[in-house]
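Data block below; observations after.
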Amino acid sequence: MRTVAEIGVDPARAQVHEQGWQSWSPSTGYALDAAPYRWVDKPHRISSYRYENSQGTDVFWGEGLLAVDPGDGSPVTLVAAASPLTEVPSIQAQVVGDKVVVSANGEVVVRTDTSVEAALTHWADDLVASLGLAAPRPAPTIWCSWYQYFTDVTESDVDSNLALMKTLDLPIDVVQVDDGYQAEIGDWLIPSGRFADVPGLFERIRSNGRRAGIWTAPFLVAENSRTFASHPEWLVRSSDGAPVSAGYNWHQNLYALDTTNPGARDYLRAVFSTFTSWGIDFHKTDFIYAAAIPGVRHEDVSPIEAYRSGVSLIREVIGSSYLLGCGAPQLPSIGLFDAMRVSPDIAPTYASFNGDASMPSQFGATLNGVSRAFQHGRFWVNDPDCVVARPEIERREEWAAHVSRYGGLRGSSDGLDQLDEWGLATTRRLLSEPVPRYFVQS
Ligand code: 9PG
């Protein structure tokens, strides 16, 4: 770590703003005496934070972006990755008396501005201009199976919602089948027991006049999958030869696909070209932090290079299909996606699980949706996560207001038969209202 700025502050009023590594990593501003949101247990440390250097609550810590508002009316300082597409330095801020000392472990730029939001926005504007990035394509509206059915989703759940969205005349472009259609994490072309005919379902979606969307976690391989059993050579390894953990979920250990391995790359090509042949043109690619986990790969490239090469391969295969990232390292994703989840998951409960703000909750989802508003319209379309408006959702009016203010991608994720009058009217309104080009003006 090298000191890059020493900032005189009013300790009672100053704030440090952290941006986290990936979609679910908490990102927000803190008073100097506040404890920043951090991981609670190791599996989620891997799956929601930048594992290799995620910190405790004793220092402030941003991944590629950290800002200090001195609280005395003088300018805000932003410390930012100099080349965020290739290197994302960790940036640390420590309080030393009435100073905040900022240090970084890589190349950064130091800028000043009038507010944290202005600093982030102007930095993003300059980056977009220097990269020559085109404006993102507007997002289609979607219906997503996850937040009602979770992994228990069945083929007939999707069919019944498909019928109901027609009866209710809801403006839904894409029906996106989430986690649950597949036999295992990593076995994307083998159906789970609850789906008799996956390509047939996508055909029915399309013959109903909707577009077909699918969820994958393309860079994860779970311990119980056939892919894990038959292709151990496709995994990212540690120097002792054991596969590197990519977290724990679905009651099993998870590993990371080596996106530089030729066999693994052929497999990714086969999966996504099969989806394309099924008429799918909307992809929610999830848990993709896995491709950027440090470890030994077939090719000697950096984790971020491996990540970008894996995503670029998917983009090559799916062509102009709409690509949404989730569980995605934010800065390394710039220029690769149409839309990006910028937050942890919404949930029926307001408060975050176990005190970990990266876990599903309205609290965590709102926190990130606000602090990443500057990205929308610049790097991609922001996905704040789906609208859920059924009566069981705690403080549903607040969530609807958040989506209306910060939602670039608009999706509904209730069982449509669960909606009461307010829920249906709200869903219809959020799917219909125009989305502004920017949430934060330059
Ligand atoms: C499908 C879901 C949905 C959802 C995604 C993602 O840390 N965790 O254990 C954790 C589990 C699930 C999760 C996020 C974090 O949700 O964001 O929209 O697609 O996967 O499994």
Side-chain angles (χ1 to χ4, degrees), residues 20-26 37-51 54 142-153 157-158 174-188 192 194 213-222 225 245-254 282-290 293 323-330 333 337 339-349 352-366 368-369 372 382-388 399 403 407 409-414:
W21 175 237
Q22 54 117 312
S23 306
W24 309 322
S25 316
Y37 300 115
R38 293 291 183 262
W39 53 281
V40 172
D41 58 38
K42 182 165 173 183
H44 295 117
R45 176 180 174 188
I46 299 176
S47 63
S48 298
Y49 298 80
R50 194 178 195 178
Y51 170 63
S54 47
I142 73 169
W143 179 84
C144 164
S145 59
W146 181 250
Y147 297 94
Q148 181 74 55
Y149 303 102
F150 301 96
T151 48
D152 293 334
V153 64
D157 290 333
V158 181
V174 175
V175 174
Q176 184 247 304
V177 179
D178 213 280
D179 187 3
Y181 68 89
Q182 80 290 348
E184 267 302 345
I185 300 300
D187 295 340
W188 307 110
S192 70
R194 296 172 308 281
I214 200 165
W215 173 93
T216 51
F219 307 135
L220 276 186
V221 178
S225 66
S245 173
Y248 183 95
N249 196 13
W250 302 279
H251 312 291
Q252 56 185 316
N253 290 311
L254 307 174
F282 181 101
H283 293 272
K284 176 180 176 183
T285 50
D286 201 355
F287 291 83
I288 52 179
Y289 67 84
I293 276 191
L323 183 59
L324 165 65
C326 187
Q330 300 286 284
S333 293
F337 289 90
M340 178 58 66
R341 256 290 281 292
V342 296
S343 68
D345 295 13
I346 183 61
T349 47
S352 48
F353 172 76
N354 220 0
D356 183 339
S358 77
M359 297 302 289
S361 76
Q362 187 183 139
F363 174 81
T366 308
N368 278 25
R372 288 174 166 163
N382 276 16
D383 172 11
D385 210 0
C386 292
V387 178
V388 278
W399 180 242
V403 172
L409 176 68
R410 300 292 175 98
S412 155
S413 193
D414 290 300

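No experiment lies behind these values; they were computed from the predicted model shown. First listed ligand is number 1; within each ligand, the first listed atom is number 1.
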Can you report which non-hydrogen protein atom sits closest to atom 21 (O) of ligand 1, along with the distance? Asp179 OD2, 2.7 Å
Within-cut-off N or O pair, Tyr147 and ligand 1, under 3.5 Å: yes
Do me a favour and list the nearest non-hydrogen protein atom to atom 5 (C) of ligand 1 with residue, atom name and distance? Asp286 OD2, 3.0 Å
Can you tell me the protein heavy atom closest to atom 12 (C) of ligand 1 and the distance? Phe287 CZ, 3.7 Å
Short list, please: which atoms of ligand 1 are under 4.0 Å from a heavy atom of Ser47? 7 (O)
Closest heavy-atom contact between Leu220 and Ala246? CD2-CB, 3.8 Å
Give the atom numbers and elements of ligand 1 that come within less than 4.0 Å of a heavy atom of Lys284. 3 (C), 4 (C), 18 (O), 19 (O)
Between Trp250 and Phe287, is the ring centroid distance below 6.0 Å? yes
Could you work out, for atom 10 (C) of ligand 1, the closest of Asp345, Asp385, Asn249 by heavy-atom distance? Asn249
If you measure from each non-hydrogen atom of Ser48 to ligand 1, which part falls under 4.0 Å: side chain, backbone, both or neither? side chain
Enumerate the atoms of ligand 1 whose separation from the nearest heavy atom of Trp146 is less than 4.0 angstrom. 1 (C), 2 (C), 3 (C), 4 (C), 21 (O)
Could you list the residues that satisfy side chain to side chain donor-acceptor pair (under 3.5 Å) with Ser361, not counting sequence neighbours? none
Which ligand 1 atoms, with their elements, are less than 4.0 angstrom from a heavy-atom of Arg341? 17 (O), 18 (O)
Checking heavy atoms under 4.0 Å, the part of Thr151 that sits near ligand 1 is neither
Please assess Gln182 against Asp187 for the test side chain to side chain contact (heavy atoms under 4.5 Å, CB included), listing each intermediate value before the final yes or no. CA-CA 7 Å; Gln182 80 290 348; Asp187 295 340; 6.0 Å; no
Between Asp414 and Trp143 the two heavy atoms that sit nearest each other are O-NE1, 2.9 Å
Check ligand 1 against Trp250 and write out every atom of the ligand that is under 4.0 Å from a heavy-atom position of the residue. 21 (O)
For ligand 1, which atoms sit closer than 4.0 Å to a heavy atom of Asp178? 1 (C), 3 (C), 19 (O)
Is the closest heavy atom of Phe150 to ligand 1 under 4.0 Å? no
Basic-acidic side-chain contact under 4.0 Å: Asp385, Arg341: yes
Can you name the residues that form a side chain to side chain donor-acceptor pair (under 3.5 Å) with Tyr149, not counting sequence neighbours? Asn161
Any N or O on His44 sitting closer than 3.5 Å to an N or O of ligand 1? yes
Output for pair (Asn249 CG, Leu254 CG), nearest 0.5 Å, gives 6.0 Å
Note, Ile185 side chain near Ser225 side chain (heavy atom, < 4.5 Å): no
Polar proximity ligand 1 side, Tyr248 side, N/O cut 3.5 Å exclusive: no
